[in-house]
Amino acid sequence: MPVVLITGATSGFGRAAAKRFAQAGWSLILTGRRAERLAELETELKEQVPVLTIKLDVRDAAAVSQALAELPQEFKPLTCLINNAGLALAPEPAHKVDLKDWHTMIDTNITGLVNVTHAALPLLIEAGAGASMINLGSVAGQWPYPGSHVYGASKAFVEQFSYNLRCDLQGTGVRVTDLAPGMAETEFTLVRTKGDQAASEALYRGTTPLQAEDIAEQLFYLATLPDHININRLEVMCTRQAWAPFAIDRD
Ligand SMILES: NC(=O)C1=CN([C@@H]2O[C@H](COP(=O)(O)OP(=O)(O)OC[C@H]3O[C@@H](n4cnc5c(N)ncnc54)[C@H](OP(=O)(O)O)[C@@H]3O)[C@@H](O)[C@H]2O)C=CC1
Ligand SMILES: O=CCS(=O)(=O)O
């Protein structure tokens with residue numbers, strides 16, 4: 001039975017992916033910081049497939065490494081790692097940001113992803129051909145916009161790290177993809193605005209953003225491609241999102 005490890009499974013893309021992979025009979029390792037939400041998911045999905053939930057903050061390198069070292073035999077080797085845990089904070093301009101918010105994004109989106117990758121690589125390599133690592137990047141990793149500062153830069157890291165890993169993993173059979181979604185309706189904006197429900201609703205109102213299930217479908221597609229295919233980067237936007245003209249400062 002294939003095994004998928006999903007970080008940040010308590011909400012949004014991660015939770016939707018857990019359900020999508022369960023539907024197809026994959027064993028699930030689900031992680032996140034909110035234990036109650038992990039317990040709810042486990043209750044919901046354990047009738048369908050084996051589920052292991054681990055309360056885990058990806059920023060804690062020692063805890064990540066211990067959790068992966070202690071995986072029960074039935075959850076090894078890993079067929080797929082979805083490096084999904086992440087967040088944006090501080091939508092205001094760079095010069096108005098609290099430095100702590102920049103650190104939190106770096107610690108989560110970069111250091112956290114690196115922590116999990118480092119601990120999981122041997123388990124993916126053990127699985128060999130057909131194994132895959134899918135890293136959640138973002139359109140923000142490639143396209144600049146106001147208020148993206150460290151968030152977008154952290155996702156640019158995810159893109160380049162993914163490509164570089166491909167070079168090192170050549171010959172192991174392990175695929176690596178940078179999945180880069182555009183605007184998607186999850187708890188993402190609620191987190192970014194530190195709980196401003198009205199701002200979150202306003203962003204998604206009157207348009208048709210991607211839904212978590214749309215990204216879960218892409219994740220499942222990437223993980224189940226024939227062994228010999230590696231999609232390096234997959235950028236997905238909702239049809240109603242596109243780029244805007246350059247901003248010009250005028251007198
Ligand atoms: N929604 C969007 O528009 C887009 C999102 N993305 C990226 O997709 C990923 C998922 O986002 P999305 O589902 O939208 O957002 P959500 O806020 O809905 O989910 C984020 C998940 O990340 C987890 N998480 C955050 N910090 C940590 C941490 N320190 N340790 C462990 N888990 C953590 C949260 O779990 P918990 O709080 O329980 O720890 C939660 O399960 C992120 O990397 C995001 O940057 C990319 C492009 C577009
Ligand atoms: O990564 C999230 C999408 S956006 O908010 O940067 O467009």
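Indexing begins at 1, ligand by ligand and atom by atom, following the structure's order. Along the sequence shown, residues are numbered consecutively beginning with 1.
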**Prompt:** Going by the order shown, which atoms of ligand 1 are within less than 4.0 Å of some heavy atom of R34?
**Reply:** 34 (C), 35 (O), 36 (P), 37 (O), 38 (O), 40 (C)
**Message:** List ligand 1 atoms under 4.0 Å from Y151, heavy atoms only on the residue side.
**Reply:** 6 (N), 7 (C), 44 (C), 45 (O), 46 (C)
**Asked** Which residue holds the protein heavy atom closest to atom 33 (C) of ligand 1, what is that atom called, and what is the gap in Å?
**Response** A85 CB, 3.6 Å
**Item:** Distance from atom 3 (C) of ligand 2 to nearest protein heavy atom, with residue and atom
**Value:** S138 OG, 3.7 Å
**Prompt:** Do R59 and N115 get their side chains close enough for a donor-acceptor pair, meaning under 3.5 Å?
**Reply:** no
**Trace of the salt bridge (charged side-chain N to carboxylate O under 4.0 Å, His left out) decision for E159 with R233** = CA-CA 8 Å; E159 178 181 354; R233 182 169 187 273; 3.7 Å; yes
**Item:** Carboxylate-amine/guanidinium proximity below 4.0 Å for D101 and K194
**Value:** yes
**Prompt:** Going by the atom numbers of ligand 1, which of them fall below 4.0 Å from some non-hydrogen atom of G12?
**Reply:** 13 (O), 18 (O)
**Prompt:** Relative to the heavy atoms of L56, which atoms of ligand 1 are at a distance of less than 4.0 Å?
**Reply:** 30 (N), 31 (C)
**Prompt:** In a check of salt bridge (Lys or Arg N to Asp or Glu O under 4.0 Å) between K19 and each of E44, E40, E217, which one passes?
**Reply:** E44
**Asked** Given the rule in the side-chain hydrogen bond (donor to acceptor under 3.5 Å, both in side chains) test, do Q218 and D214 qualify, once you have shown the distances and angles that lead to the verdict?
**Response** CA-CA 7 Å; Q218 299 303 314; D214 300 323; over 6 Å; no
**Request:** Just do the salt bridge (charged side-chain N to carboxylate O under 4.0 Å, His left out) check on R37 and E187 with the steps written out, would you?
**Result:** CA-CA 14 Å; R37 290 208 183 184; E187 292 175 16; 2.8 Å; yes
**Message:** For atom 14 (O) of ligand 1, what's the nearest protein heavy-atom neighbour? Residue, atom name and distance, please.
**Reply:** T186 OG1, 2.6 Å
**Asked** What about M183: any of its N or O atoms under 3.5 Å from an N or O on ligand 1?
**Response** no
**Prompt:** How far is atom 11 (O) of ligand 1 from its nearest protein heavy atom, and which residue and atom name does that atom have?
**Reply:** F13 CD1, 4.1 Å
**Request:** Using atom types as modelled and distance alone, determine if a side-chain donor or acceptor of Y204 lies under 3.5 Å from a backbone N or O of A184.
**Result:** yes
**Prompt:** Which of these passes side chain to side chain contact (heavy atoms under 4.5 Å, CB included) with N84: L136, V116, I134?
**Reply:** L136
**Nearest protein heavy atom with distance in Å, relative to atom 23 (C) of ligand 1** = G8 CA, 3.6 Å
**Prompt:** Can you list the ligand 2 atoms lying under 4.0 Å from a non-hydrogen atom of F188?
**Reply:** 1 (O), 2 (C), 5 (O)
**Request:** Please determine if R166 forms a cation-pi arrangement with F161, meaning its NZ or CZ atom is less than 6.0 Å from the six-membered ring centre and no more than 45° off the ring axis.
**Result:** no
**Request:** Quick one: look up the protein heavy atom nearest atom 7 (O) of ligand 2 and list residue, atom name and how far away it is.
**Result:** V139 CG2, 3.9 Å
**Message:** For atom 40 (C) of ligand 1, what's the nearest protein heavy-atom neighbour? Residue, atom name and distance, please.
**Reply:** T10 OG1, 3.5 Å
**Message:** N83 and side chain to side chain contact (heavy atoms under 4.5 Å, CB included): which single residue from L179, L5, T117 fits?
**Reply:** T117
**Prompt:** Can any side-chain N or O of N230 pair as donor or acceptor with the backbone N or O of V176 at less than 3.5 Å?
**Reply:** yes
**Fill in**
Short version for T108: what comes under 4.0 Å of ligand 1, heavy atoms counted, is side chain
**Asked** Which atoms of ligand 2 have any heavy atom of A140 under 4.0 Å away?
**Response** 6 (O)
**Prompt:** For atom 1 (N) of ligand 1, what's the nearest protein heavy atom and its distance?
**Reply:** A184 O, 3.1 Å
**Request:** Take atom OH of Y145 as the centre, draw a 6.0 Å sphere, and report whether it contains more than 12 heavy atoms from other residues, nucleotides or ligands.
**Result:** yes
**Message:** Distance under 4.0 Å to a non-hydrogen atom of Y151: what atoms of ligand 2 satisfy this?
**Reply:** 1 (O), 2 (C), 6 (O)
**Message:** Only heavy atoms of S11, strictly under 4.0 Å: list the atoms of ligand 1 that pass.
**Reply:** 16 (P), 18 (O), 19 (O), 40 (C), 41 (O)
**Message:** Among all protein heavy atoms in this structure, tell me which lies nearest to atom 5 (O) of ligand 2, with the distance rounded to 0.1 Å.
**Reply:** R192 NH1, 3.2 Å
**Prompt:** Just by distance, do the side chain of H149 and the backbone of E92 share a donor-acceptor pair under 3.5 Å?
**Reply:** yes
**Complete:** Among non-hydrogen protein atoms, atom 26 (N) of ligand 1 lies closest to R33 NH2, 3.2 Å
**G137: numbered ligand 1 atoms lying under 4.0 Å from its heavy atoms** = 46 (C), 47 (C)
**Request:** Just need the protein heavy atom nearest to atom 47 (C) of ligand 1, so name the residue and atom and give the distance.
**Result:** P181 O, 3.2 Å
**Asked** Does even one non-hydrogen atom of E185 get within less than 4.0 Å of ligand 1?
**Response** no
**Request:** Look at ligand 1 and say whether G182 reaches it with a heavy atom at a distance under 4.0 Å.
**Result:** yes
**Prompt:** Do S132 side-chain atoms and R175 backbone N/O form a donor-acceptor pair below 3.5 Å?
**Reply:** no
**Request:** Please could you name the atoms of ligand 1 that E187 approaches to less than 4.0 Å, counting only its heavy atoms?
**Result:** 17 (O), 18 (O)
**Prompt:** Do NZ/NE/NH1/NH2 and the carboxylate oxygens of E126 and K76 come within less than 4.0 Å?
**Reply:** no
**Asked** Any heavy atom of T7 sitting closer than 4.0 Å to ligand 1?
**Response** no
**Prompt:** Among the heavy atoms of P209, does any lie under 4.0 Å from an atom of ligand 1?
**Reply:** no
**Complete:** for atom 4 (S) of ligand 2, nearest protein heavy atom and its distance come out as Y145 OH, 3.5 Å
**Asked** Would you say the side-chain atoms of T177 pair up with the backbone N or O of I231, donor to acceptor, closer than 3.5 Å?
**Response** yes
